[in-house]
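In this chain, numbering begins with 1 at the start of the sequence shown.
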Amino acid sequence: MTALLANVSVPGSVAGLLVTTECPFNLTAAAQSGELGPGQSLAPLCTHCCCGLLNRMLAVVFMVILAFAIVVGNVVTLTVFMQTRQSRTPQGYLKVSLAIADMMVGVIVVPFCVYTEISLMVTNTPPIWYQGSLTSSASSSSSLGGLMGPWQPCMLIGPVFAGCTFVSISTIFLMTVERSVAILWPLHKDALVTRRRTLLLILLSWAVGFLLALVPLIFSNNFTLEYNECSRMCNYAPLWYGRQLPSDANILLLFPAFDFTLLGGTLAVNLLSFTSIRRYSRKRKFLSEGSLAEGGAGAGGGCPQRPSFSDIKAAKTIGILTFAFTASFSPIAVFVLGNVVGYTWCNFSFFAFWILTGNSCCNVIIYSVRDQRFRKGVTLLFHREQSPPHGEKT
């Protein structure tokens, strides 16, 4: 994800990815004095107000609450969709895929961050996956970077977080396309959007998302994964040679390119769908007023391929999902732009990363507000009436 690029354990690292620079505001004191050895990563300065004991305690409380909300919300979502036959549609399968990706963040990524923060408070000793600990005694990046480097938990947590983010973006894009087909070609939607094609696209999105998350480790030995003290997550870290980035550091630009391409495509498809809905609404209004009917003719002739009300409402719901994800992704975009122009925002990186993580519990709220079938499913799930045994029925 773009977040991995925006905070690769080096303030201003995005600028470094674009142009190798030796500006002092992008370097730690160790690098400025030339004490950083080859194959080591730069550690940003974390102020006491953000890395103090009280701050860590508040961060842990926030992470625990967030993990609970993500897991409970997405378990409810999965249960409702799996137990409701009406939800076994292409759109329902896409929602299940999105819920699984979000739940993995709450089950794997956030609890690991909680464990690391508690370890730092209890032992006051950084673990091996903490920023700078992994590479502090290294003499060359070839023995550390890539998939051949020593295994530590961030080698799993980092790609899982990135892969789930890619899957979420891909799934929202597929949901937007599926609803767009239902709006623009309502008579052909069953032929164009089938369960088989939807399941194949879901599998493809998961495969591409997690493969892309591993690209820096597969195609380069100059990157490692470590727990970043600013974002408090496992991020990619380029292994520095003195004061210079590795020659293939630009490989991380694949992440923002993928993110912004899919988000831009999603917004464009949503715009097309809502334009069609608006045009159809105007026609329906004219028909109801009789402006398009002549001699008492039926109003049905004006819109021979009109989408159903449920399709329109589902398209609006997915539009809200897209808006929510874009809003949670915007701080990361701002953080990237700030790094490009040379600003170091260690404190802001925490909020940018965790606002994006918090989006994993937003979908169930949107479904509850917008989806009547989902609300009925939740009601049946929690207020299921106890029917008498079959033998006692008269």
Side-chain angles (χ1 to χ4, degrees), residues 1-7 59 62-78 81 91 94-114 157-176 179 202 205-206 209-210 212-213 231-235 255-256 258-267 270 316-336 348-371 374:
M1 55 182 288
T2 306
L4 297 179
L5 168 64
N7 201 21
F62 165 74
M63 292 176 186
V64 170
I65 295 175
L66 181 61
F68 178 80
I70 292 174
V71 173
V72 172
N74 287 285
V75 165
V76 170
T77 301
L78 288 172
F81 281 114
Q91 182 187 163
L94 290 170
K95 289 180 178 179
V96 167
S97 175
L98 182 61
I100 292 175
D102 289 339
M103 190 170 64
M104 287 180 63
V105 174
V107 171
I108 299 176
V109 178
V110 181
F112 177 77
C113 298
V114 172
I157 303 300
V160 165
F161 184 43
C164 289
T165 304
F166 291 143
V167 170
S168 296
I169 295 176
S170 303
T171 304
I172 291 177
F173 174 74
L174 292 176
M175 292 170 67
T176 304
R179 284 296 90 188
I202 289 174
S205 68
W206 279 83
F210 278 85
L212 184 61
S231 65
R232 299 184 186 181
M233 282 190 177
C234 292
N235 300 151
F255 292 173
F258 181 86
D259 291 341
F260 287 117
T261 298
L262 279 188
L263 277 179
T266 301
L267 294 175
N270 269 310
K316 292 180 179 179
T317 301
I318 295 172
I320 295 174
L321 285 176
T322 305
F323 174 79
F325 190 90
T326 305
S328 64
F329 190 80
S330 298
I332 293 293
V334 173
F335 185 75
V336 170
F348 178 67
S349 68
F350 173 82
F351 296 100
F353 272 76
W354 287 93
I355 287 174
L356 181 60
T357 306
N359 179 261
S360 298
C361 65
C362 290
N363 297 335
V364 65
I365 300 175
I366 296 174
Y367 297 151
S368 300
V369 174
R370 297 285 308 176
D371 195 332
F374 181 79

Practice task
Evaluate the criterion side-chain contact (heavy atoms from CB on, under 4.5 Å) for residue pair M104 and V109; output intermediate values, then yes/no.
Solution key: CA-CA 7 Å; M104 287 180 63; V109 178; over 6 Å; no
Tell me which donor-acceptor pairs under 3.5 Å the side chains of residues 63-73 have, and how far apart each pair is, sequence neighbours excluded?
none

Handout entry: Which atom of A162 lies closest to which atom of A213, heavy atoms considered
Key = CB-CB, 3.8 Å
Completion exercise
The reported gap from CZ in F81 to OG in S97 (rounded to nearest 0.5 angstrom) is 12.0 Å
Could you pull out all donor-acceptor pairs under 3.5 Å where a side-chain atom in residues 167-174 meets a protein atom, sequence neighbours excluded?
from : atom 1 : to   : atom 2 : distance (Å)
S168 : OG     : C164 : O      : 2.9
S170 : OG     : F166 : O      : 2.8
T171 : OG1    : V167 : O      : 2.7

Problem - CA sep, side-chain torsions, deciding dist, call: T322, M175, side-chain contact (heavy atoms from CB on, under 4.5 Å) - result: CA-CA 10 Å; T322 305; M175 292 170 67; over 6 Å; no
Exercise for the section: Report yes if the side chains of Y367 and K95 come closer than 4.5 Å at any heavy-atom pair, otherwise no. Expected result: yes
Exercise for the section: State, with a plain yes or no, whether a side-chain heavy atom of M233 is found less than 4.5 Å away from one of I157. Expected result: no
Handout entry: For the student: nearest non-hydrogen atoms of S360 and N74, plus distance
Key = O-ND2, 3.0 Å
Handout entry: Shortest non-hydrogen separation from W354 to S231 and the atoms involved
Key = NE1-O, 3.0 Å
Practice task
Check whether any side-chain heavy atom of I108 lies under 4.5 Å from a side-chain heavy atom of F161, and answer yes or no.
Solution key: no
Practice task
Side-chain contact test, heavy atoms from C-beta onward, threshold under 4.5 Å: evaluate it for T77 versus N363 and give yes or no.
Solution key: no
Handout entry: side chain to side chain donor-acceptor pair (under 3.5 Å) involving S205 - partner list, sequence neighbours excluded
Key = none
Completion exercise
Heavy-atom nearest pair, F329 first then L263, reads CD2-CD1, 3.5 Å
Handout entry: side-chain contact (heavy atoms from CB on, under 4.5 Å) assessment of F62 paired with V114
Key = CA-CA 9 Å; F62 165 74; V114 172; over 6 Å; no
Problem - Interatomic spacing from CG in L267 to OG1 in T326 - rounded to 0.5 Å - result: 4.5 Å
Handout entry: Nearest atoms (heavy-atom pairs only) where C234 meets F112
Key = SG-CE2, 3.4 Å
Fill in the blank from the handout: Rounded to the nearest 0.5 angstrom, the OG1-CG distance for T165 and D259 is 8.0 Å
Handout entry: Any donor-acceptor N/O pair, W206 side chain to A101 backbone, under 3.5 Å
Key = no
Exercise for the section: Would you check if there is a donor-acceptor pair between the side chains of N270 and T266 at a distance under 3.5 Å? Expected result: no
Problem - Any side-chain heavy-atom pair of L212 and F255 under 4.5 Å - result: yes
Completion exercise
Closest heavy-atom pair, R179 versus I318, reported as atoms and distance to 0.1 Å, is CG-CD1, 2.9 Å
